[in-house]
Amino acid sequence: MNEPTKTPAAGTAEKLIKSPALWLVLLAAAGTFALTMGVRQTMGLFLSALNTSTGLGVGSISLAFAFGQLWWGLTQPFAGAVADRIGAGRTIFIGVLLVALGTIVTPFMSSTAGLILAIGVLAAGGAGMAGPSVMMAATMRLVPVERRGLATGVVNAGGSFGQFAMAPIAVGLTAAWGWAGAMQGLGWLVLLALPAAWVLRGNARALAAQAAAASGTKALSAREAISQALALPSYRYLALGFLVCGFHVAFLATHLPGVIAACGLPAEVGGWALAVIGLFNIVGSIAMGWAVGRWRMKSLLSLVYATRAVAVLVFLLAPKTTAVMLVFAAVMGVSFLSTVPPTAGLVAKMFGPANMAMLFGIVMLSHQIGGFLGAFLGGYIFQVTGSYDWVWYIDILLAVGAALVHLPIREAPVRTAAASA
């Protein structure tokens, strides 16, 4: 049997996977995701303080958070396309600076428009530029196929660790400096991610062009890649399921402290609940990264969404004590962002790494449309009804739907027109 021809990209990945540089790449990607994700996911802790300071109302402030969820998603396809073409390093550098700026100026904003600018445009847009689509693509560009699942699990776990670490840090800084000083301190902390821009420099388009030239085929343009992806039912199903993930994640990140307060529990339980979600999502992400190489990714995704539906139903029926809240947070943590490795893995398996950042960015946009709905409806429904119950009911129905929509996905590489030529 003839050995398969190795492309330049594959050769580069094989050299890197055997060297200490691999772990530097994973540390840079996971560390950056930890800082940007950690700051974003702890913003819900400041919602009550922002409401007291501005007097705008929970609904108006939730709109700013919801816009941030949407804008974070909107930036990712474009950031992915830019990173694919000019390099991940430059994209990440700008993104980190924007996250820091938006977070630092938020306490100075006293209107809904000002909060939308700081939280929704600057901080969220920067986090999108230094977000999972760019991080996952940069990692997959340098990792062989058989290691991609575990590598994406490690990077995803970085975001979870950021949430676990940042929540108690935010609580501690608030006690020491007040909510405004704490938020600004988190903004300065994000700048620690700037060195990662140098480590993750490079772009996938150059490697794809080399591989295409070596095999005698023509690399797809960005427009061709998007058209091909959107025409594929499996890609659309994947994006639809990820929308549900966004609804669930954004609702918890933004309103779980409010849910806990509505149950009459101390405010610090909200911070620890977010930290527990982050801690257990590390476990879920690593476990999912390991599982991706052993079971069908679509089946794993269906299992995660079904688990969420059951967990929320049990939570609604259980007494609302501190112990129940922390156990619920742990269960949610295991499934919180464990959807990312198999979702990114399916995009890479279908279309390859050449346009990975852009195509995964489009799926992330769907995720953030769900995030917009989760963050906004959480505050709006609570303001109208005085309870979060109806949001939980919606969440259960969406989770069941997501579990079902992944079943018809076909896990197979897409044969491109360029490759057939």
Exercise for the section: Evaluate the side-chain proximity of Trp272 to Thr322: yes if any heavy-atom separation is below 4.5 Å, no if none is. Expected result: no

Practice task
Measure from the side-chain N and O atoms of Thr106 to the backbone N and O of Gly102, and report whether any donor-acceptor pair falls under 3.5 Å.
Solution key: yes

Problem - Spacing of Leu303 atom CG and Met288 atom CE [to the nearest 0.5 Å] - result: 7.0 Å

Exercise for the section: Determine yes or no for a side-chain-to-main-chain donor-acceptor pair under 3.5 angstrom, with His248 supplying the side chain and Asp395 the backbone. Expected result: no

Exercise for the section: Identify the heavy atoms of Ala239 and Val363 that sit nearest to each other, and give their distance. Expected result: CA-CG1, 4.2 Å

Handout entry: CG-OH distance between Leu316 and Tyr393, expressed to the nearest 0.5 angstrom
Key = 6.0 Å

Handout entry: Phe46 CZ to Phe65 CZ distance, which is reported to the nearest 0.5 Å
Key = 9.0 Å

Exercise for the section: Quick one: sort the Phe351 and Tyr235 rings into parallel, tilted or perpendicular, breaks at 30° and 60°. Expected result: perpendicular

Practice task
Taking His406 for its side chain and Ser299 for its backbone only, find out whether a donor-acceptor pair lies under 3.5 Å.
Solution key: no

Practice task
Would you confirm whether Tyr237, through its side chain, and Pro408, through its main-chain N or O, come within 3.5 Å as a donor-acceptor pair?
Solution key: no

Problem - Side chains of Arg308 and Val244 in contact at under 4.5 Å (non-hydrogen atoms) - result: no

Problem - Worked check of side chain to side chain contact (heavy atoms under 4.5 Å, CB included) between Val190 and Met166 - result: CA-CA 11 Å; Val190 171; Met166 287 291 188; 5.5 Å; no

Handout entry: Steps toward side chain to side chain contact (heavy atoms under 4.5 Å, CB included) verdict (Ile369, Phe372)
Key = CA-CA 5 Å; Ile369 291 173; Phe372 173 87; 5.7 Å; no

Problem - Check: Trp72 side chain, Ala127 main-chain N or O, donor-acceptor pair, under 3.5 Å - result: yes

Practice task
Would you confirm whether Ser53, through its side chain, and Ala49, through its main-chain N or O, come within 3.5 Å as a donor-acceptor pair?
Solution key: no

Practice task
Determine the interplanar angle of the Tyr388 and Phe382 rings, folded into 0 to 90°, and report it as parallel if under 30°, tilted if 30 to 60°, perpendicular if over 60°.
Solution key: parallel

Exercise for the section: Check whether any side-chain N or O of Thr32 sits under 3.5 Å from a backbone N or O of Ala29 as a donor-acceptor pair, and report yes or no. Expected result: no

Exercise for the section: Give a yes or no on whether the ring-centroid distance for Phe251 and Trp392 is below 6.0 angstrom. Expected result: yes

Problem - Side chains of Phe67 and Ile119 in contact at under 4.5 Å (non-hydrogen atoms) - result: no

Exercise for the section: Check whether any side-chain heavy atom of Met109 lies under 4.5 Å from a side-chain heavy atom of Ile116, and answer yes or no. Expected result: no

Handout entry: Side-chain (Arg236) to main-chain (Leu230) donor-acceptor, under 3.5 angstrom
Key = yes

Problem - Separation of Met183 CE from Thr174 OG1 (nearest 0.5 Å) - result: 8.5 Å

Fill in the blank from the handout: In this structure, CG of Leu301 is separated from OG1 of Thr343 (nearest 0.5 Å) by 4.5 Å

Problem - Student check: side-chain heavy atoms of Leu35 and Val39 closer than 4.5 Å - result: no

Exercise for the section: Under the side chain to side chain contact (heavy atoms under 4.5 Å, CB included) rule, what do Leu365 and Thr75 come out as? Steps first, then yes or no, please. Expected result: CA-CA 8 Å; Leu365 171 58; Thr75 59; over 6 Å; no

Completion exercise
One should read off an interatomic distance between Asn281 CG and Phe161 CZ, to the nearest 0.5 angstrom, of 13.0 Å

Exercise for the section: Determine, for Lys298 against Glu411, whether the closest basic-nitrogen to carboxylate-oxygen distance falls under 4.0 angstrom. Expected result: no

